[in-house]
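Have a look at the structure below before the remarks.
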Amino acid sequence: FVPIDFLWSGPPSQWITVAQSSRAQSMSYRAADYPAFEKQGDQMLMKILALQGVRSPERLILSSDFEAGAHAELKPLNTSAVGLTHSPSGPNDGAVILLGHQLLGLSDAEGQAHELAIGVGLFQRAEVYDSKWEALNAFDEALRNVVASGGSVSARDSIAGVGIHWFGPQIRDDAYAASDIQLALEGVRDSALAMDLPVLTMNSTFSDKIEKGFIICQAIAQMRSRRRARSADFKYSGDIIYSLGPEVLSLLGSRFATVFGCSEPADSRENPDWSTARKIYSWFAGAQGKEQQRIRSVHDISDGGLITAVAESCFARRLGATLRMPVAASPEVWAFGEGFHRFLVTCSDSDSTILESEWDSMGIPFQQVGVVSGSDRLEVLGCWSMNVSDLYRTWRGDGAK
């Protein structure tokens with residue numbers, strides 16, 4: 001027990017005046033300028049995969065020795081063979097760390113209570129001037145990454161929380177910078193209260209070299225069982241591909257809008273629906289429903305949207321995918337739109353009806369988007385098709401051979 005009364009004793013050490021920036025809650029994009037997705041969507045995807053923040057994190061992971069520094073049941077990169085250098089790899093959404101239960105004198109069964117899923121959420125867009133909305137995105141992405149990895153969030157017996165770190169310009173002489181951090185913390189507060197999760201830590205870094213502030217969220221959650229650790233890679237040809245979560249209706253805030261521009265008004269952006277999030281996250285945790293173990297892969301849909309998540313899920317096992325775009329959909333929004341609480345999941349064809357029935361009964365929104373194929377191709381029916389190997393080389397960037 002550590003007394004913290006000193007935090008409220010005496011006058012504040014410093015007063016900071018906050019002024020809301022005139023640019024707050026706005027987005028500034030150049031006019032939309034892109035070819036038809038039906039004809040050149042493959043080239044659009046290549047540009048998205050090459051972006052910093054989307055392309056392979058392998059160099060960063062290996063240089064930080066993240067995987068070697070802990071016993072990991074699930075690692076940030078997944079492969080279909082031993083070793084990263086000589087085998088294809090794809091991204092996982094987080095890691096599942098084993099806390100060395102043998103050293104604690106625990107059995108394997110007891111040790112399962114000492115496994116933790118860890119995920120990070122970062123939403124940083126130069127065109128977005130609403131730090132509260134960015135914080136909402138970062139918070140939800142951190143939760144999605146933990147959930148996708150197998151962590152238990154929104155279950156009554158779950159142990160989970162979020163740490164936050166703010167990076168931003170000096171605030172002593174910049175009232176607008178102070179406003180940004182206040183709004184970002186409001187976003188974290190609203191998210192934490194909506195999901196009934198504690199904020200475990202808060203740190204900040206201020207620098208004159210940072211032009212625009214942003215928050216990084218680190219989520220951590222207990223595993224209900226080691227068997228629930230999930231990877232993002234597609235497993236078998238013939239598996240059905242679904243998107244779980246609210247439908248996306250806007251390109252605002254997306255990587256696609258950053259690259260190709262956007263003409264939508266700022267008030268058309270996506271916002272969180274925490275009641276839906278609780279349904280989805282508690283289902284993954286096993287707190288509701290009973291068919292979770294029929295899922296074969298889980299990948300959160302974030303940077304680059306649905307079609308980028310599909311491509312990333314193809315990489316490790318060199319599988320392909322055949323996608324069918326809904327007739328009424330806006331092609332670019334369907335493929336590249338980014339929103340809250342969304343996942344890409346697969347299951348066997350024989351399990352699809354069972355899962356759909358359970359999702360329907362629980363009010364979990366879903367959409368069947370395609371099928372995993374045994375070929376080395378990603379195809380959008382009626383539009384275009386390209387080699388997964390080419391997409392992988394683009395995603396690897398300078399690391400490709």
Side-chain angles (χ1 to χ4, degrees), residues 1-8 64 66 69-76 92-101 104 111-124 131-168 171 180-206 213-225 228-230 272 274 277-278 280-282 284-287 300 302 340-341:
F1 174 75
V2 178
I4 59 174
D5 291 345
F6 71 91
L7 292 174
W8 290 275
S64 64
F66 182 88
H71 299 288
E73 180 79 9
L74 183 72
K75 300 184 179 185
N92 279 322
D93 293 306
V96 174
I97 305 298
L98 313 181
L99 300 187
H101 59 276
L104 300 175
Q112 288 185 3
H114 292 76
E115 297 175 350
L116 299 174
I118 301 170
V120 176
L122 167 62
F123 189 88
Q124 186 183 19
S131 58
K132 181 174 182 177
W133 190 72
E134 289 182 301
L136 292 171
N137 276 279
F139 194 102
D140 187 57
E141 183 181 21
L143 294 190
R144 292 198 311 269
N145 287 337
V146 162
V147 168
S149 302
S152 181
V153 175
S154 290
R156 287 183 178 273
D157 60 345
S158 65
I159 300 173
V162 176
I164 58 174
H165 195 118
W166 169 264
F167 294 83
I171 63 174
D180 285 342
I181 190 171
Q182 176 184 324
L183 290 170
L185 291 175
E186 288 180 8
V188 170
R189 176 202 62 193
D190 292 352
S191 303
L193 290 174
M195 293 301 296
D196 196 23
L197 291 173
V199 176
L200 303 175
T201 62
M202 165 62 187
N203 296 291
S204 57
T205 298
F206 299 105
F214 61 95
I215 265 183
I216 293 180
C217 294
Q218 301 103 8
I220 187 168
Q222 184 182 21
M223 299 286 293
R224 293 171 71 89
S225 167
R228 293 188 181 275
R230 309 181 183 100
W274 294 117
R278 292 179 74 94
I280 298 171
Y281 301 170
S282 62
F284 273 117
D300 104 296
S302 54
F340 292 87
H341 328 312

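Hydrogens, waters and symmetry mates are skipped; everything else that's a heavy atom, side chains included, is used. For clarity, every value in this text was computed on a predicted model and none was experimentally measured.
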Heavy-atom closest pair, residues S152 and A285 = OG-CB, 3.6 Å

ask   = Would you call W133 and F123 a side-chain contact if the rule is heavy atoms closer than 4.5 Å?
value = yes

message = Is any side-chain heavy atom of M202 closer than 4.5 Å to one of L185?
response = yes

inquiry  = According to side-chain hydrogen bond (donor to acceptor under 3.5 Å, both in side chains), who are the partners of S204, at least two apart in sequence or on a separate chain?
reply    = none

ask   = Just by distance, do the side chain of R144 and the backbone of G121 share a donor-acceptor pair under 3.5 Å?
value = no

key: I215/E134 under side chain to side chain contact (heavy atoms under 4.5 Å, CB included): CA gap, chis, key distance, verdict   = CA-CA 8 Å; I215 265 183; E134 289 182 301; over 6 Å; no

message = Once salt bridge (Lys or Arg N to Asp or Glu O under 4.0 Å) is applied, do any residues pair with D190, and if so which ones, sequence neighbours excluded?
response = K132

note = In this structure, CD of Q222 is separated from CG of L116 (nearest 0.5 Å) by 7.0 Å

key: Shortest non-hydrogen separation from M195 to V153 and the atoms involved   = CE-CG1, 4.3 Å

request  = Return the minimal non-hydrogen interatomic distance between I164 and Q218, and the atom names on each side.
outcome  = N-OE1, 4.0 Å

request  = Could you list the residues that satisfy side-chain contact (heavy atoms from CB on, under 4.5 Å) with L200, not counting sequence neighbours?
outcome  = P198, I220

ask   = If you take all heavy atoms of A184 and W166, which pair is closest and at what distance?
value = CB-CZ3, 3.5 Å

key: For L122, side-chain contact (heavy atoms from CB on, under 4.5 Å) partners two or more places apart   = Q124, F214, I216

Smallest separation among heavy atoms of A135 and G187, with atom names = CB-CA, 4.3 Å

message = Please enumerate all residues that pass side-chain contact (heavy atoms from CB on, under 4.5 Å) together with A219, with sequence neighbours excluded.
response = A142, L143, V146, V162

inquiry  = Using 0.5 Å steps for rounding, measure from the CZ atom of R189 to the CD atom of Q182.
reply    = 9.0 Å

task = Please examine the side chains of D140 and W274, heavy atoms only from C-beta on, and report whether any two atoms are closer than 4.5 Å.
result = yes

request  = Work out which heavy atom in T201 is nearest to a heavy atom in G163; give both atom names and the distance.
outcome  = OG1-CA, 3.3 Å

message = Among residues at least two apart in sequence or on other chains, which ones pass side-chain contact (heavy atoms from CB on, under 4.5 Å) with N145?
response = D93, E141, D300

